[in-house]
Amino acid sequence: MFYLDFSGAFARWGVFMHGGVFTIILAIIATLLGSLIGVVGAAARMSAFAPARLAAFGYVEIIRNTPFLIQIYVIYFGLPAVGFRLEPWPAAIIALSLYAGAYITEIVRAGVGSVAKGQVEAARTLGLSPYLTFRLVILRPALAAVYPALTSQFILIMLASSIVSTISIPELTGVANDVQGLTFRSFEAFLLVAAIYLVLTAAFKGAFAAIDRVAFAFRHVGR
């Protein structure tokens, strides 16, 4: 008869907490680097320079249409074949950042494209400087437009980071693998990790919603 026994997993609670911290750090670094890649990629996608547009399009299509597991295998196991070996942590960060960057490229491109040209022309007619036009008329509405998508992308990156456990990164899923190997209680170990992911996701969603209400209050006026 099967019964739940979390005693082995709870006895290693500290290990799970370290795994949770590593997961959050990975997601933050990958999202920040992915945002930089995304801004450059969006600029390239909207560039008048055809090779830049083509390169950005190819990057986005390759990343979005291949499994993330394959991408990280190519970086970690494939690159050594051509003489370029990476340790697990740099490989995981590069893979996650490239993965995030492809999606953020499209998010940023959509955000900038959502700003009506008429608003920019109106700002110039009113005599606003190019800097104020960019900051108040383009950047702020564009950020407000892409903020929900960017925060959702952070959550997705945090969940996708579980795959880097396949190259021995000790994030949450990697920790669960170790614990289930030590305790022989696979169901309990992964059930506990699922609960931790759920708590982290809910906490970040709540924090992002609070930031949204403060930073983009103008969007909530009248609701």
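- Rounding to the nearest 0.5 angstrom, the gap separating the OG1 atom in T166 from the CZ atom in F68 is 8.0 Å.
- By the side chain to side chain contact (heavy atoms under 4.5 Å, CB included) test, P80 pairs with R85, sequence neighbours left out.
- R53 forms no cation-pi arrangement with Y59, by the criterion of a distance under 6.0 Å to the ring centre and an angle within 45° of the ring axis.
- Interatomic distance, CG of L96 versus CD1 of I29, reported as 10.0 Å (0.5 Å rounding).
- For T201, the side chain to side chain contact (heavy atoms under 4.5 Å, CB included) criterion is met by I155, M158, L159, K205, not counting sequence neighbours.
- To the nearest 0.5 angstrom, I157 atom CD1 is 12.5 Å from I28 atom CD1.
- F154 CZ to T31 OG1: the interatomic distance, rounded to the nearest 0.5 Å, is 5.5 Å.
- L26 and L156 are members of different hydrophobic clusters when ILVMFWY side chains are connected at heavy-atom separations under 4.5 Å.
- Side-chain contact check for Q180 versus E188: every heavy-atom pair is 4.5 Å or farther apart.
- Remark: the S162 side chain and the Y197 side chain contain no N/O donor-acceptor pair separated by less than 3.5 Å.
- The two atoms that bring S165 and T173 nearest to each other are OG-CG2, 3.8 Å, heavy atoms only.
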Exercise. Quick one: do L191 and F6 satisfy side chain to side chain contact (heavy atoms under 4.5 Å, CB included)? Show the steps, please.
Key: CA-CA 10 Å; L191 198 61; F6 287 95; 3.8 Å; yes

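- When side chains are defined from C-beta on, F77 counts as touching I167, because their heavy atoms get closer than 4.5 Å.
- Distance check: S186 OG to N177 CG gives 9.0 Å after rounding to the nearest 0.5 Å.
- No continuous path of hydrophobic side-chain contacts links L172 to I163 [ILVMFWY only; heavy atoms under 4.5 Å].
- The neighbour count for F57 CZ, taken as heavy atoms of other residues, nucleotides or ligands under 6.0 Å away, does not exceed 12.
- Here the closest non-hydrogen pair linking I169 and A92 is CG1-CB, 4.0 Å.
- Using modelled atom types and a 3.5 Å distance limit, the side chains of T66 and Q71 yield a donor-acceptor pair.
- Put simply, F208 and I24 are part of the same group of oily side chains (I, L, V, M, F, W, Y) that touch within less than 4.5 Å, one to the next.
- The minimum heavy-atom distance between A91 and Y76, with the atom names listed, is CB-CD1, 3.7 Å.
- Shown here for P170 and V175, the closest heavy-atom pair between the two residues is O-CG2, 3.7 Å.
- Aromatic ring orientation, F22 versus W89: perpendicular (interplanar angle above 60°, classes split at 30° and 60°).
- Residues I62 and L54 are members of separate hydrophobic clusters, defined by side-chain heavy-atom contacts under 4.5 angstrom among Ile, Leu, Val, Met, Phe, Trp and Tyr.
- Counting all heavy atoms, side chain and backbone alike, T105 lies closest to G41 at CG2-C, 3.5 Å.
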Quiz item: Checking side chain to side chain contact (heavy atoms under 4.5 Å, CB included) for the pair I75/L98: CA distance, chi angles, key distance, verdict?
Solution: CA-CA 11 Å; I75 291 174; L98 289 174; 4.2 Å; yes

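- Panel note: side chain E87, backbone P90; no donor-acceptor pair is recorded below 3.5 Å.
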For residues 7-21, tabulate all N or O donor-acceptor pairs below 3.5 Å that involve a side-chain atom, not counting sequence neighbours.
| residue | atom | partner | partner atom | Å |
| --- | --- | --- | --- | --- |
| S7 | OG | D5 | OD1 | 2.6 |
| S7 | OG | D5 | OD2 | 3.4 |
| R12 | NH1 | G8 | O | 2.8 |
| H18 | ND1 | G14 | O | 3.0 |

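- Looking at every heavy atom in both residues, V108 comes nearest to A42 through CG1-CB, 3.6 Å.
- How far CG of L150 is from CD1 of I107: 5.0 Å, rounded to the nearest 0.5 Å.
- In the hydrophobic cluster analysis, where Ile, Leu, Val, Met, Phe, Trp and Tyr join through side-chain heavy atoms closer than 4.5 angstrom, I63 is grouped together with L86.
- S47 places no side-chain N or O within 3.5 Å of a backbone atom of A43 that could act as its donor or acceptor partner.
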